[in-house]
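Heads up: the structure comes next, in structure tokens.
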Amino acid sequence: MTDVAGGHTVRVVDAELGSPSANMGLLSVFQRRYLLRLLVRREVSARYSGSFLGLIWSYINPLSQFFIYWFVMGYLLKLHDSVPHFAVHVFSALIVVHFFIETFNAGTRSIVRNKGLVQKMAMPREMFPVASMLVSLYHVVPQVVILLIVDVLYGWKPDAIGMLAAVMGISIIMMLGTALALMFSAANVFFRDFASAVNILTNFVRFGVPMIYPFSIVPQRFHGHVEAYLANPIADAVILFQRAFWVGIPSDQGEQIKQASGGPAMPDHLFQHGAIALAVSAVLLILAQLIFSRLENRIPERL
């Protein structure tokens, strides 16, 4: 429709008014990639602000953890003589576990921590948990670099199946961590207790996956209930990552890496379990988006 006012032609669009904020959920987040990149850079810069070494700490921290597990638990205490290359076994699992824990913890606090932006800017609020996940993924890179260096020194050689396992494992944590971060970030706006509850919950993650202990003891200790154990998507992601970076190392102990501690080092039908874990994580992500959308409009008034 066209209107003439004061000698000027003004075009008026006969359309329904809409909110300036996006309402397409996670799709809107990735449609605004530039804003997402700014948030990720802001989070990374804030973490290392005022630090002399800066990003070098992202290499020092995982390297120190690797040394602790290799020297204290594997060499000094000899807790797992039956597990070849125990430090690699632990560290490959630790990468996945820390990725999940950091995503879950930071994502839960992300909206409350950025309440100034949430209240002032019209933007998809899912962006904050997603940015937290991407920052956590950013810190996975130096850990994988250290793991690859150690693997190469041990004589490890990559294979296509192993790389597929690594990608599948990381993808499970990306979706699962984002799903839980979405739900708990919204819940944390209404009750700050959720952030503390998440801290407690994540303490149990390390013991629910084959990290400090090998998967080979699971059939015996769980009295054959292996399927119940593998119903945990984080455990599946850890085993997939170990398949990529631990199993491929040549061992002086021959078949012991395949039959560590008297049982199979890897579960049967590993990729089938991984595919199920991916599907479950995807369904949880959809469910989390639906819950977040129901609560989203009430978030600014509760901050």
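Reckoned from all heavy atoms, side chains included, excluding hydrogens, waters and symmetry mates. Throughout, residue positions are numbered sequentially from 1 according to the sequence presented.
- In plain terms, the two heavy atoms of Ser136 and Glu102 that are nearest each other are OG-CG, 3.2 Å.
- Both Leu278 and Leu287 belong to a common hydrophobic cluster when Ile, Leu, Val, Met, Phe, Trp and Tyr are linked at side-chain heavy-atom distances under 4.5 angstrom.
- Sorted by first and then second residue, the salt bridge (Lys or Arg N to Asp or Glu O under 4.0 Å) pairs with a member in residues 232-247 read Asp159-Arg243; sequence neighbours excluded.
- Annotation: the span from Leu290 atom CG to Leu285 atom CG amounts to 10.0 Å, rounded to 0.5 Å.
- Separation of atoms CZ (Phe271) and CG (Leu240) is listed at 6.0 Å; rounding is to 0.5 Å.
- Within the structure, ring pair (Phe, Tyr, Trp, His ring centres under 6.0 Å) pairs that include any residue of residues 281-300 do not occur (at least two apart or interchain).
- Within the structure, the ring pair (Phe, Tyr, Trp, His ring centres under 6.0 Å) test picks out the following pairs touching residues 120-162 (sequence neighbours left out): Tyr48-His139, His85-Tyr154, Trp156-Phe245.
- The side-chain heavy atoms of Val97 and Phe241, taken from C-beta on, include no pair separated by under 4.5 Å.
- Rounding to the nearest 0.5 Å gives a distance of 11.5 Å between CD of Gln143 and OG of Ser92.
- Listed here is the closest heavy atom pair of Phe99 and Met133: CE1-O, 3.7 Å.
- Between Val189 and Leu295 the shortest side-chain heavy-atom distance does not fall below 4.5 Å.
- At a threshold of 4.5 Å between side-chain heavy atoms, the hydrophobic network of Ile, Leu, Val, Met, Phe, Trp and Tyr places Leu26 and Val283 in two separate groups.
- Around the CZ atom of Phe191, the shell of radius 6.0 Å holds no more than 12 heavy atoms that belong to other residues, nucleotides or ligands.
- Taking the side chain as every heavy atom from C-beta outward, Val88 and Asp151 approach each other to under 4.5 Å.
- Both Leu148 and Ile60 are part of a single hydrophobic cluster, where members link through side-chain heavy atoms under 4.5 Å apart.
- Closest of all the heavy-atom pairs between Ser293 and Glu126 is OG-OE2, 4.4 Å.
- Criterion: ILVMFWY side-chain heavy atoms under 4.5 Å apart, direct or through other members. Under it, Phe91 and Phe67 are part of a common hydrophobic cluster.
- Residue Met266 holds its CE atom at 12.0 Å from NE2 of His273, rounded to the nearest 0.5 Å.
- A continuous path of ILVMFWY side-chain contacts below 4.5 Å connects Met211 to Phe71, so both sit in one hydrophobic cluster.
- When every heavy atom of Ile239 is checked against every heavy atom of Pro210, the shortest pair comes out as CG1-CG, 3.6 Å.
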Could you pull out all donor-acceptor pairs under 3.5 Å where a side-chain atom in residues 193-209 meets a protein atom, sequence neighbours excluded?
from: Thr202; atom 1: OG1; to: Val198; atom 2: O; distance (Å): 3.0
from: Thr202; atom 1: OG1; to: Asn199; atom 2: O; distance (Å): 3.0
from: Asn203; atom 1: ND2; to: Asn199; atom 2: O; distance (Å): 3.4

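- Scanning both residues, Val144 and Ile95, for their nearest heavy atoms gives N-CD1, 4.1 Å.
- Evaluation of the salt bridge (charged side-chain N to carboxylate O under 4.0 Å, His left out) rule for Arg109 yields no partner, not counting sequence neighbours.
- If you take CE on Met127 and OG on Ser110, they are separated by 12.0 Å, rounding to the nearest 0.5 Å.
- Using bins of under 30°, 30° to 60° and over 60° for the plane-to-plane angle, the ring pair Phe104/Phe100 lands in the tilted bin.
- In this structure the side chain of Pro84 never reaches within 4.5 angstrom of the side chain of Ile249, judged on heavy atoms.
- Side-chain contact between Leu117 and Arg42 is present, with at least one heavy-atom pair separated by less than 4.5 Å.
- The minimum heavy-atom distance between Val135 and Glu43, with the atom names listed, is CG2-CB, 3.5 Å.
- The CG atom of Leu38 lies 13.5 Å from the CZ atom of Arg33; values are rounded to the nearest 0.5 Å.
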Show me, pair by pair, the donor-acceptor contacts under 3.5 angstrom made by side chains of residues 161-184, not counting sequence neighbours?
from: Ser171; atom 1: OG; to: Val167; atom 2: O; distance (Å): 2.7
from: Thr178; atom 1: OG1; to: Met174; atom 2: O; distance (Å): 2.6

